[in-house]
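Below is one structure; the comments refer to it alone.
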Amino acid sequence: MSAAAAAPAWKQFPFFDVVPVKDAHDLGSTPEIFKNVPEISATASTLSGILVADIHGSIHLLGLDFVPKHSWVAHLHGRVTHMAESKGILISLGEEDKFRTPLLKIWDLDHYDKKTGSPILLRSTKLQVGTKPHPVSTMALSSSLSHLAIGFGDGSVQLYRHLDQSLFSGNNSLTALPKPKVVHEAPTEPVTGLGFREPRPSKENGEKSDAVLYLYIVTTNR
């Protein structure tokens, strides 16, 4: 008997029920926002709805019927590459034609500009490690908004501490952000994933609390 014939068959475990999304006005069709999937560059879930960003620099906040409730140009003449949200605050990373480096923008999803229809822009700054521009490869935001980690294609990771304090300090300057610290460098290993493990309170079963916030870094070789 050949090795191929003796190999065990793969098993599949259905953890989720798949339900096709339908257009609210045409149940036989896909919602308009999803009809051109190649143009979708990033998505994020929020308490207000699903956020969908595109390669034209726009972000759309969808309602329960998957119809945009709010749409705005977040990165002019560019594209949105990453998004993360917590407590009504949206972090968007993107590229714009007139800048050589990626841009970090922070939006208040609970308050909108009546004239433009876009969320209030709280912060906007360039992202750069060293003297050369590098693309952003991944991002992670802690649920408390206290820490923001950004990974780059050159293998470095920048960490913003006390981000929440900066946002709610009363300083309205768009560039008023904590100075990021480079916490990881690996020139031959692009960063492919970032994630926080939040502090854990003690449980009734006797499991001890853990007040430490951990940052996990995934690269191409680790």
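The distance from the OG atom of Ser144 to the CG atom of Leu213 is 7.0 Å, given to the nearest 0.5 Å. One distance of note links NE2 of His77 with CG of Asp97; it measures 7.0 Å at 0.5 Å rounding. The structure places OG of Ser143 at 3.5 Å from CD of Glu198, a figure rounded to the nearest 0.5 Å. Taking CG of Leu103 as the start and NE2 of His75 as the end, the distance is 6.5 Å to the nearest 0.5 Å. Taking CD from Gln128 and CD from Gln158, the interatomic distance works out to 9.0 Å, rounded to the nearest 0.5 Å. Rounding to the nearest 0.5 Å gives a distance of 11.0 Å between OG1 of Thr101 and NE2 of His134.
Side chain of Thr81 to main chain of Ala42: no donor-acceptor pair is present (N/O by atom type, distance under 3.5 Å, no hydrogens or angles). Looking at Thr192, its side chain does come within 3.5 Å of a backbone N or O of Val218 through a donor-acceptor pair. Proximity of a side-chain donor or acceptor of Arg123 to a complementary backbone N or O of Ala176 within less than 3.5 Å is detected. Between the side chain of Thr219 and the backbone N or O of Glu189, no donor-acceptor pair lies under 3.5 Å. In this structure a side-chain-to-backbone donor-acceptor pair under 3.5 Å is missing from Lys22 to Pro31. Under a 3.5 Å cut-off, the side chain of Asp23 and the backbone N or O of Leu27 do not form any donor-acceptor pair. Proximity of a side-chain donor or acceptor of Glu32 to a complementary backbone N or O of Val67 within less than 3.5 Å is not detected.
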### Query
Could you walk me through whether Leu167 and Ile106 pass the side-chain contact (heavy atoms from CB on, under 4.5 Å) check?
CA-CA 9 Å; Leu167 293 177; Ile106 304 179; 3.9 Å; yes
### Message
Does Leu177 form a side-chain contact (heavy atoms from CB on, under 4.5 Å) with Thr175? I'd like the steps, not just the answer.
### Response
CA-CA 6 Å; Leu177 284 169; Thr175 58; over 6 Å; no
### Task
Run the numbers on Lys35 and Ser29 for side chain to side chain donor-acceptor pair (under 3.5 Å), then give the verdict.
CA-CA 9 Å; Lys35 286 184 177 179; Ser29 179; 3.3 Å; yes
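Think of Leu61 as one node in a network of Ile, Leu, Val, Met, Phe, Trp and Tyr side chains linked at under 4.5 Å; its network also takes in Leu51, Ile59, Trp72, Val80, Met83, Leu90, Trp107, Leu109, Tyr112, Leu121, Leu174. Other residues sharing a hydrophobic cluster with Ile33 under the 4.5 Å side-chain heavy-atom criterion for ILVMFWY residues are Val21, Phe34, Ile40, Ile50, Val52, Leu62, Phe66. Alongside Tyr216, the hydrophobic cluster contains Val212, Tyr214 (criterion: ILVMFWY side chains under 4.5 Å).
Scanning all heavy atoms of the two residues, the minimum distance from Ser137 to Gly153 falls at OG-N, 4.0 Å. Scanning all heavy atoms of the two residues, the minimum distance from Ile55 to Pro38 falls at CG2-O, 4.4 Å. When all heavy atoms are compared, the tightest approach of His184 to Ala186 is NE2-CB, 3.6 Å. Between Ser48 and Lys69, the closest heavy-atom pair is O-NZ, 2.9 Å.
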Hey, can you pull the donor-acceptor pairs under 3.5 Å for the side chains in residues 9-18, sequence neighbours left out?
none

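For CZ of Arg197, the number of neighbouring non-hydrogen atoms (other residues, nucleotides, ligands) closer than 6.0 Å is greater than 12.
Val129 is connected to Leu127 through a chain of hydrophobic side-chain contacts under 4.5 Å among Ile, Leu, Val, Met, Phe, Trp and Tyr, so both are in one cluster. The hydrophobic cluster containing Leu145 does not contain Phe196, counting ILVMFWY residues as joined when their side-chain heavy atoms lie under 4.5 angstrom apart, directly or transitively. When the side chains of ILVMFWY residues are joined at heavy-atom separations under 4.5 Å, either directly or via intervening members, Val157 and Leu159 end up in a single hydrophobic cluster. With hydrophobic clusters built from ILVMFWY side chains whose heavy atoms lie under 4.5 angstrom apart, Val183 does not share a cluster with Ile91. The same ILVMFWY cluster, assembled from side-chain heavy atoms under 4.5 Å apart, contains both Leu163 and Ile89.
There is no side-chain donor-acceptor pair under 3.5 Å between Ser169 and Asn171. Side-chain atoms of His82 and Thr138 form no donor-acceptor pair, as typed in the model, at a separation below 3.5 Å. A donor atom on one side chain and an acceptor atom on the other are not found under 3.5 Å apart for His147 and Asp164. For the 3.5 Å distance criterion, the side chains of Lys105 and Thr125 fail to qualify, holding no donor opposite an acceptor.
Side-chain contact check for Pro102 versus Leu93: every heavy-atom pair is 4.5 Å or farther apart. A 4.5 Å side-chain heavy-atom check between Leu148 and Leu104 finds at least one atom pair inside the cut-off.
Checking each of Glu95, Glu39, His56 against Arg79 for a side-chain hydrogen bond (donor to acceptor under 3.5 Å, both in side chains) leaves exactly one that passes, namely Glu95.
For the salt bridge (Lys or Arg N to Asp or Glu O under 4.0 Å) test, no residue two or more places apart in sequence or in another chain qualifies with Arg161.
Every pair tested for ring-ring contact (aromatic ring centres under 6.0 Å, His included) that includes a residue from residues 150-182 fails, sequence neighbours excluded, so the list is empty.
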